[in-house]
Enquirer: 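The structure that follows is given in the form of structure tokens.
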Amino acid sequence: MADLIRITGIKGFGYHGVFEAERANGQDFYVDVELEVDLTRASISDDVKDTINYAEVIDLVVEEITTNPVSLIEKLAGRIAERIKITFAQAARVTVTVHKPQAPVAAEVKDISVTISR
């Protein structure tokens, strides 16, 4: 399938991390979502009910970022992907990338991210 819905840079403030300071202070997380979905009907009908409403996907992602802290961004990415698959069953594949640009590492990095596909 070649049809994609891509949403990049969904921002949320969360308290995810292995270290106590991350859990106490929180930080910004950014999420990219790519949905493989047949957009044939939507491209003809021009009706939002024939596609996946990206506003609803964004709300779901922000909720996952801002609630229920986890230690690993791998867990957060998996949780987001699974919830999208359940909520939007018409998605043949869901790819989620969680970015943690302020990760507490010894060197300065531009970004650290994890990508999961389901």
Side-chain angles (χ1 to χ4, degrees):
M1 181 180 309
D3 300 338
L4 296 174
I5 294 174
R6 186 175 293 125
I7 308 166
T8 58
I10 303 167
K11 181 181 177 181
F13 192 85
Y15 295 87
H16 311 287
V18 173
F19 300 111
E20 191 174 313
E22 295 177 287
R23 295 290 184 109
N25 301 326
Q27 61 189 290
D28 291 325
F29 292 85
Y30 298 86
V31 173
D32 306 328
V33 175
E34 185 172 278
L35 308 169
E36 290 183 26
V37 59
D38 185 350
L39 298 174
T40 304
R41 285 180 54 149
S43 68
I44 295 167
S45 71
D46 196 29
D47 191 330
V48 71
K49 75 175 191 280
D50 291 329
T51 187
I52 294 175
N53 185 327
Y54 52 80
E56 293 175 5
V57 174
I58 292 167
D59 290 345
L60 180 154
V61 170
V62 170
E63 182 180 328
E64 289 297 328
I65 294 170
T66 59
T67 62
N68 301 317
V70 296
S71 295
L72 302 177
I73 58 174
E74 291 86 344
K75 172 77 173 182
L76 180 59
R79 192 170 75 189
I80 292 168
E82 292 300 326
R83 188 161 166 213
I84 290 172
K85 283 289 290 178
I86 291 167
T87 305
F88 304 99
Q90 66 271 47
R93 177 176 281 297
V94 174
T95 302
V96 173
T97 302
V98 174
H99 300 266
K100 187 176 179 179
Q102 300 159 343
V105 293
E108 185 176 328
V109 297
K110 182 177 179 182
D111 189 26
I112 294 176
S113 67
V114 170
T115 300
I116 289 181
S117 292
R118 300 286 184 261

Enquirer: For residues 50-99, which residue pairs pass the ring pair (Phe, Tyr, Trp, His ring centres under 6.0 Å) check, not counting sequence neighbours?
Expert: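 As it turns out, there is no ring pair (Phe, Tyr, Trp, His ring centres under 6.0 Å) pair with a partner in residues 50-99 once direct neighbours are skipped.
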Enquirer: Which residues, ordered by chain and number, are linked to Ile86 in its hydrophobic cluster, where ILVMFWY side chains connect at heavy-atom gaps below 4.5 Å, directly or through other members?
Expert: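 None; Ile86 is a cluster of one.
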Enquirer: Are Ile5 and Leu39 close enough that some pair of their side-chain heavy atoms sits under 4.5 Å apart?
Expert: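 The answer is yes, as the side chains (C-beta and beyond) meet within the 4.5 Å cut-off.
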Enquirer: Any side-chain heavy-atom pair from Lys100 and Glu22 closer than 4.5 angstrom?
Expert: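 Yes, side chains in contact.
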Enquirer: Tell me, please, which residues at least two apart from Gln102 pass side-chain hydrogen bond (donor to acceptor under 3.5 Å, both in side chains).
Expert: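 Scan of Gln102 (side-chain hydrogen bond (donor to acceptor under 3.5 Å, both in side chains), adjacent residues dropped) gives none.
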Enquirer: Please output the side-chain donor-acceptor pairs of residues 12-20 that fall under 3.5 Å, not counting sequence neighbours, one pair per line with the distance.
Expert:
from  : atom 1 : to    : atom 2 : distance (Å)
His16 : ND1    : Val70 : N      : 3.1
His16 : NE2    : Ile65 : O      : 2.7

Enquirer: Is there a path of hydrophobic side-chain contacts, each under 4.5 Å between heavy atoms of I/L/V/M/F/W/Y residues, joining Tyr30 to Ile7?
Expert: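 No, because Ile7 and Tyr30 fall into different hydrophobic clusters, even though each may have its own neighbours under 4.5 Å.
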Enquirer: Can you name the closest pair of heavy atoms from Ile116 and Ala77 and give their distance?
Expert: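 Heavy atoms of Ile116 and Ala77 come nearest at CD1-CB, 3.7 Å.
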Enquirer: Can you name the nearest heavy-atom pair linking Asp50 to Ala42, along with the distance?
Expert: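 For Asp50 and Ala42, the tightest heavy-atom pair comes out as O-CB, 3.4 Å.
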Enquirer: If you count every heavy atom of other residues, nucleotides or ligands that lies below 6.0 Å from Asp46 atom CG, does the total exceed 12?
Expert: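 At most 12 heavy atoms, drawn from other residues, nucleotides or ligands, come within 6.0 Å of this atom.
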Enquirer: Between Asp28, Val62, Ile58, Val61, which is the residue that forms a side chain to side chain contact (heavy atoms under 4.5 Å, CB included) with Lys11?
Expert: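 Single pass found, and it is Asp28.
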Enquirer: Which heavy-atom pair separates Ala103 from Ile112 by the least distance, and what is that distance?
Expert: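 Looking at all heavy atoms of both residues, the shortest contact is CB-CD1, 3.6 Å.
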Enquirer: Hey, what do you get for CG (Asn68) to NZ (Lys75), rounding to the nearest 0.5 Å?
Expert: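 Nearest 0.5 Å value for the CG-NZ distance: 10.0 Å.
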Enquirer: Take Leu76 and Arg79 through the test side-chain contact (heavy atoms from CB on, under 4.5 Å) and record every step on the way to the result.
Expert: CA-CA 5 Å; Leu76 180 59; Arg79 192 170 75 189; 3.6 Å; yes
Enquirer: Can you sort out the partners of Glu56 under salt bridge (charged side-chain N to carboxylate O under 4.0 Å, His left out), two or more places apart, ordered by chain and number?
Expert: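 Partners of Glu56 by the salt bridge (charged side-chain N to carboxylate O under 4.0 Å, His left out) criterion come out as none, since no residue qualifies.
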Enquirer: Any side-chain heavy atom of Ile73 sitting closer than 4.5 Å to one from Phe29?
Expert: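 Result yes, sub-4.5 Å side-chain heavy-atom pair found.
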Enquirer: Closest approach of Ala91 and Ile52, non-hydrogen atoms and distance?
Expert: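 Nearest heavy atoms, Ala91 then Ile52: CB-CD1, 4.0 Å.
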Enquirer: Could you grab the distance from atom CZ of Arg6 to atom CD of Glu36, nearest 0.5 Å is fine?
Expert: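 Going from CZ on Arg6 over to CD on Glu36, the span is 10.0 Å.
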Enquirer: I need the Thr95 OG1 to Ile84 CD1 distance, nearest 0.5 Å.
Expert: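 Answer rounded to 0.5 Å: 10.0 Å.
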Enquirer: Can you sort out the partners of Thr87 under side-chain hydrogen bond (donor to acceptor under 3.5 Å, both in side chains), two or more places apart, ordered by chain and number?
Expert: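 side-chain hydrogen bond (donor to acceptor under 3.5 Å, both in side chains) list for Thr87, sorted by chain: empty.
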Enquirer: Counting distance only, does the side-chain N/O of Ser43 pair as donor-acceptor with the main-chain N or O of Thr40 below 3.5 Å?
Expert: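 Yes, because the side chain of Ser43 sits within donor-acceptor range (under 3.5 Å) of the backbone of Thr40.
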Enquirer: Within the supplied structure, the quantity of interest is the number of heavy atoms (other residues, nucleotides, ligands) at a distance under 6.0 Å from Lys85 NZ; does it exceed 12?
Expert: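 Enclosed: over 12 neighbouring heavy atoms sit under 6.0 Å from NZ of Lys85.
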Enquirer: Surrounding CZ of Arg41 (heavy atoms of other residues, nucleotides or ligands, distance under 6.0 Å), is the total greater than 12?
Expert: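 Incorrect, the count does not exceed 12.
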Enquirer: Could you give the distance from CG (Leu60) to CD (Glu64), rounded to the nearest 0.5 Å?
Expert: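 If I round to the nearest 0.5 Å, the distance is 6.0 Å.
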Enquirer: Could you verify whether a donor N or O on one side chain and an acceptor N or O on the other, from Arg23 and Ser71, lie under 3.5 Å apart?
Expert: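 Judged by distance alone, the side chains do pair up.
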